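See structure below.
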2 protein chains.
Amino acid sequence: MKNRLEQLRKERGIKQEELAAILEVSRQTIGSLENGRYNPSIVLAFKLAKFFNLSIEEIFIYEEDSDEK
Amino acid sequence: MKNRLEQLRKERGIKQEELAAILEVSRQTIGSLENGRYNPSIVLAFKLAKFFNLSIEEIFIYEEDSDEK
DNA sequence: TGGATATGGAAAGTAAACTTTACATAGAGG
DNA sequence: CCTCTATGTAAAGTTTACTTTCCATATCCA
C-alpha cells in the first residue's frame with residue numbers, strides 16, 4: 001500500500017505535528033504512514049481523506065497481491 | 001462506521017463463507033463486519049471494494065464524531 | 001423427526017495499528 | 001559554533017483487527 005501523504009501535506013504547507021493534532025493522532029503515526037511503516041486504520045484513512053478533500057482511493061494506492069493484510 | 005456489506009453480499013447471492021474464501025479471511029471476520037463488531041483494516045476494505053466493484057466510500061459510511069478510532 | 005446448511009457470537013490467542021517516551025540527525029539562522 | 005525546528009526511528013506498552021475453535025439457533029427438506 002502506497003500513499004501520497006507526504007506530498008499532499010507539503011502542498012498544504014503544514015508540519016507532521018500540525019496534521020497529527022488536527023487528526024488527533026501522534027506525530028509518529030503520521031511519520032510512520034508517510035514512510036510506509038504501517039497502514040492506517042480505515043477510520044484514520046477517512047479522516048485524512050476528509051482533511052485533504054480527496055477520496056481514500058486518491059490518497060492510498062492499493063497494490064494487489066503485495067501480500068499484506 | 002456503518003456499512004452495506006450484508007445487503008451487497010445478499011444482492012450477489014453468496015454466503016458469508018464464500019465471500020470470506022474469496023477475500024482470504026475467516027467467515028467470522030465477514031460476520032463481524034456485517035454486524036458491526038469491528039471495522040475492517042484498510043486492506044480488507046480495498047479488497048471488499050474491488051469485489052463489489054464499488055468505492056470504499058460507497059460501502060463504508062464514516063460517521064464523524066462517533067468517537068471511534 | 002432428523003440431519004444438513006447458514007448465520008450469530010463468545011473465548012482465547014496472534015498480529016498490526018497506535019501511543020508515549022526517548023534520542024539522533026539535518027538544516028536554518030543567529 | 002550554537003540552538004531551534006522538523007523529521008526519522010526505535011522500544012515498550014495498549015488496543016483493535018483477525019484467527020481458530022466451539023457452541024447455539026433457525027430454516028430447509030427428505
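Per chain, numbering begins at 1; letters A, B, ... match sequence-line order. These numbers come from the heavy atoms of this one structure, side chains and all, not from hydrogens, waters or symmetry mates. No experiment lies behind these values; they were computed from the predicted model shown.
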- Message: Check the phosphate of C:dT7 against B:R37, side-chain N and O only, distance under 4.0 Å to OP1 or OP2. Yes or no?
- Response: no

- Item | CG on A:L44 to CD1 on A:I30, rounded to 0.5 Å | 6.0 Å

- Message: From CE of A:M1 over to P of C:dA16, roughly how many Å is that when rounded to an integer?
- Response: 14 Å

- Message: Rounded at 0.5 Å granularity, tell me how far CG in B:L54 sits from CZ in B:R4.
- Response: 6.5 Å

- Query: Which nucleotide, D:dC18, C:dG8, C:dC18, lies nearest any side-chain atom of B:T29?
  - Reply: D:dC18

- Message: Rounding to an integer number of Å, can you tell me how far A:I30 CD1 sits from D:dT9 C1'?
- Response: 16 Å

- Reckon A:S26 has a side-chain N or O less than 4.0 Å from the OP1 or OP2 of C:dT19? yes

- Could you give the CD-to-C1' distance, from B:Q16 to D:dT25, as a whole number of Å? 14 Å

- Item | Nearest-angstrom distance from the residue atom CG of B:L5 to C1' of D:dC18 | 15 Å

- Measure from CD on A:E17 to C1' on C:dT19 and round the result to the nearest Å. 15 Å

- Query: Does a nitrogen or oxygen in the side chain of B:R27 sit under 4.0 Å from OP1 or OP2 of C:dT7?
  - Reply: no

- For atom CD of A:E24 and atom C1' of C:dT19, their distance in whole Å: 14 Å

- Message: Less than 4.0 angstrom between a side-chain N/O of B:S41 and OP1 or OP2 of D:dT16, yes or no?
- Response: no

- Joint cluster assignment, A:I61 & A:F52, ILVMFWY side-chain distance < 4.5 Å: no

- Message: Using OP1 and OP2 only, check whether a side-chain N or O of B:Q28 sits under 4.0 Å from D:dC22.
- Response: no

- When the distance from CD1 of A:I14 to P of D:dT5 is rounded to whole Å, what number comes out? 18 Å

- Item | Whole angstrom value for the distance that separates P of D:dC18 from NZ of B:K47 | 9 Å

- Worked check of side chain to side chain donor-acceptor pair (under 3.5 Å) between B:S26 and B:T29: CA-CA 5 Å; B:S26 66; B:T29 292; 3.0 Å; yes

- Choosing from C:dT19, D:dA6, D:dC18, which nucleotide comes nearest the side chain of A:Y38? C:dT19

- Item | B:N39 side chain, from C-beta outward: closest of C:dA17, D:dC18, D:dA17 | D:dA17

- Message: For the backbone of A:I42 and the side chain of B:N39, can you confirm whether one donor and one acceptor N or O come within less than 3.5 Å of each other?
- Response: no

